[in-house]
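Heads up, the thing below is written out as structure tokens.
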Number of protein chains: 2
Amino acid sequence: MSVAIENFVKAIYKNGKRDHNDTKPGNIAKELGISNAAATDMAKKLATKDLLHYEKYQELKLTDKGTKMALNVVRKHRLWEALLFKLFDMSLHDIHREAELLEHQTSDLLANKISEYLGNPKFDPHGDPIPNANGEITTVDTSIPLSNTEEGKTYTISRLMSDDKEFFDFCAQNGLKYGNSVLISKQFSNNKMTQILIHNNTILLNQDFTSIIYVNETN
Amino acid sequence: MSVAIENFVKAIYKNGKRDHNDTKPGNIAKELGISNAAATDMAKKLATKDLLHYEKYQELKLTDKGTKMALNVVRKHRLWEALLFKLFDMSLHDIHREAELLEHQTSDLLANKISEYLGNPKFDPHGDPIPNANGEITTVDTSIPLSNTEEGKTYTISRLMSDDKEFFDFCAQNGLKYGNSVLISKQFSNNKMTQILIHNNTILLNQDFTSIIYVNETN
DNA sequence: AAAAATTTTTAAGCTTACTTAAAAATAGTT
DNA sequence: AACTATTTTTAAGTAAGCTTAAAAATTTTT
């Protein structure tokens, strides 16, 4: 299966996990930086390969086979991120970019070797869960976006759901890192802004950021 | 530049280093597993990109630009081999196969990180020299094939120049490994066979193998 | 030096993964 | 409910990297 196909099913998988749940060709096209026409073509083709269900004008739905393929690629991506993060001093954004390419050129054998070397980690450096060799995510995700937190409570950063360089640069500068603690000092009523205290610094975040930073309540 | 192009210049580079020195399209085609016609087409195309000099029916000669590209790919290949060899318990053949794919999806930045992590090694696990970030091979190679050794002398294995699984399996079984010592117990007159002593085992090697196992005389 | 064998080149054609442009259907707005 | 805007689909076309078949040139053998 080609890189284009792997990226296509991965994009459907990722979009299907999001709030909007828009997996129509146009959204997948946007995710992949290709034309809508190309996405429609590809969707039809992958339907014949039993990777997804295609019905005109409807959302694209991965079959079990398609989901398995997507999870296999996601697994390799996250294992690479975990490995590069451990071995090298590189920004999360750079690591992501390398993993984006390496994920398609990695045998299952190598993926298993990486996993084993790392002690079969359950999460990558963004806090995203790493599917196991069977394509299963066994961890239960109880995290919520920062935008949904309560004023005065303390949380632990569990996921940074982004590919964006500016976002990661901002995070790196402000100690927003997987595992770190944040206190919600002020939650503005409309949830459009959140003020947090981290490392004795007060930061004001807008919804662009509070919707992709996920946290768990600290016990 | 595409994977196909990187592999093409790499094949010319490798063939140019061998005894036969046959870099006509047919030989490159054989190396890459494509048709002669495809190789001729590609050669013409790469000439327009100033990667090689093309003259009908003549050997293909890399330009400086083409050589630089080839060495950059070779560098990444050998760095990956060195890294995978260090981190994981995998056969040299499997490592080679993974590196064959990863080499094309590796930024210069990542290559430098791998190199740094490994202490800027000068050789990969086969004993092949690793070009530096400028595409220069600074080491001097004094090694000779086993077929050219002298009876009674002791040598150190310096390079195993092959991609072949059977060869590597044989090597692994018999302790034929980069850095190991061999005594030439009998060199048959026509050089078609060589009998060596390694790890207290006597092995008879034919020329297929003695021409790709390189050694240095032990001081 | 001719004849035979091989290699290289040319030519035509295929598949993949795109593109743009226009038609068709859906979704949003008044 | 009708009009508008957007999205999806269809259709036609392109570039990369191959293929096979046949012509042209080179190389090898006798």
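The chains referred to below are lettered A, B, ... by the order of the sequence lines, with proteins before strands, and numbering in each begins at 1.
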When Asp108(B) is tested against each of Lys76(B), Lys113(B), Arg75(B) for salt bridge (Lys or Arg N to Asp or Glu O under 4.0 Å), which residue passes?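 So, applying the salt bridge (Lys or Arg N to Asp or Glu O under 4.0 Å) to Asp108(B) and each of Lys76(B), Lys113(B), Arg75(B), only Lys76(B) qualifies.
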Should Ile144(A) and Tyr155(A) count as side-chain neighbours, where that means a heavy-atom distance under 4.5 Å?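 Yes. Closest side-chain heavy atoms under 4.5 Å.
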Working to the nearest 0.5 Å, report the span between [atom1] of [X] and [atom2] of [Y].
{"X": "Ile184(A)", "Y": "Leu146(A)", "atom1": "CD1", "atom2": "CG", "value": "5.0 Å"}
{"X": "Thr194(A)", "Y": "Phe188(A)", "atom1": "OG1", "atom2": "CZ", "value": "8.5 Å"}
{"X": "Met161(A)", "Y": "Lys17(A)", "atom1": "CE", "atom2": "NZ", "value": "9.5 Å"}
{"X": "Leu71(A)", "Y": "Ile137(A)", "atom1": "CG", "atom2": "CD1", "value": "5.5 Å"}
{"X": "Tyr178(B)", "Y": "Phe85(B)", "atom1": "OH", "atom2": "CZ", "value": "10.5 Å"}

Starting at [atom1] of [X] and ending at [atom2] of [N], how long is that distance when rounded to a whole Å?
{"X": "Phe8(B)", "N": "dG17(D)", "atom1": "CZ", "atom2": "P", "result": "11 Å"}
{"X": "Leu60(A)", "N": "dT9(D)", "atom1": "CG", "atom2": "C1'", "result": "13 Å"}
{"X": "Ile28(A)", "N": "dT9(D)", "atom1": "CD1", "atom2": "C1'", "result": "16 Å"}

Summary of side chain to side chain donor-acceptor pair (under 3.5 Å) pairs that have at least one residue in residues 121-138 of chain B, sequence neighbours excluded: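 As it turns out, the side chain to side chain donor-acceptor pair (under 3.5 Å) pairs with a partner in residues 121-138 of chain B, which skip direct neighbours, are Glu81(B)-His126(B), Asp128(B)-Arg159(B), Asn132(B)-Glu136(B).
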Find every protein N or O atom lying less than 3.5 Å from an N or O atom of nucleotides 25-27 of chain D, and list the pairs.
residue : atom : partner  : partner atom : Å
dA25(D) : O4'  : Tyr57(B) : OH           : 3.1
dT27(D) : OP1  : Lys24(B) : NZ           : 3.3

Starting from the C-alpha separation in whole Å, work towards a yes-or-no answer on side-chain contact (heavy atoms from CB on, under 4.5 Å) for Leu51(B) and Met69(B). CA-CA 8 Å; Leu51(B) 289 167; Met69(B) 177 184 283; 4.0 Å; yes
Taking all non-hydrogen atoms of both residues into account, name the closest pair between Asn216(A) and Ser158(A) and its distance.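 Heavy-atom minimum between the residues: ND2-CB, 3.6 Å.
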Does anything in residues 97-104 of chain A come within less than 4.0 Å of DNA chain D? Heavy atoms only, and list the residues if so.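 Residues of residues 97-104 of chain A under 4.0 Å from DNA chain D: none.
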In terms of ring plane angle, is the pair Tyr117(B) and Phe88(A) parallel, tilted or perpendicular, where the classes change at 30° and 60°?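 Correct class here is perpendicular.
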Could you run down the sub-3.5 Å N/O contacts of the protein with nucleotides 1-4 of chain C?
none

Answer yes or no on whether Lys45(B) is positioned over the face of Tyr54(B), meaning its NZ or CZ is under 6.0 Å from the six-membered ring centre and within 45° of the axis.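 Judged by the rule (NZ or CZ under 6.0 Å from the ring centre, within 45° of its axis), Lys45(B) is not positioned above Tyr54(B).
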Does NZ or CZ of Lys10(A) fall inside the cone over Phe8(A)'s six-membered ring, less than 6.0 Å from its centre and within 45° of the axis?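 So Lys10(A) doesn't make the cation-pi contact.
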Each nucleotide of nucleotides 14-22 of chain C classed B (base within 4.0 Å of a protein heavy atom), S (only sugar-phosphate) or -, in 5' to 3' order, makes --SSBBBB-
Note: Lys165(A)-Asp94(A) ion pair, threshold 4.0 Å (strictly below):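 Answer for the salt bridge query: no.
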Report which part of the nucleic acid Tyr54(B) touches: base, sugar-phosphate, or nothing (heavy-atom distance under 4.0 Å, all strands).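 Contact class for Tyr54(B): sugar-phosphate only.
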So if I take the C1' atoms of five pairs at each end of the helix from dA1(C)-dT30(D) to dT30(C)-dA1(D) and get each local axis, what angle do the two axes make, rounded to 10 degrees?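 Between the first-five-pair axis and the last-five-pair axis there is 10°.
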Salt bridge (charged side-chain N to carboxylate O under 4.0 Å, His left out), that's the test. Do Asp163(A) and Lys14(A) meet it? Break it down for me. CA-CA 12 Å; Asp163(A) 309 343; Lys14(A) 283 173 71 178; 3.8 Å; yes
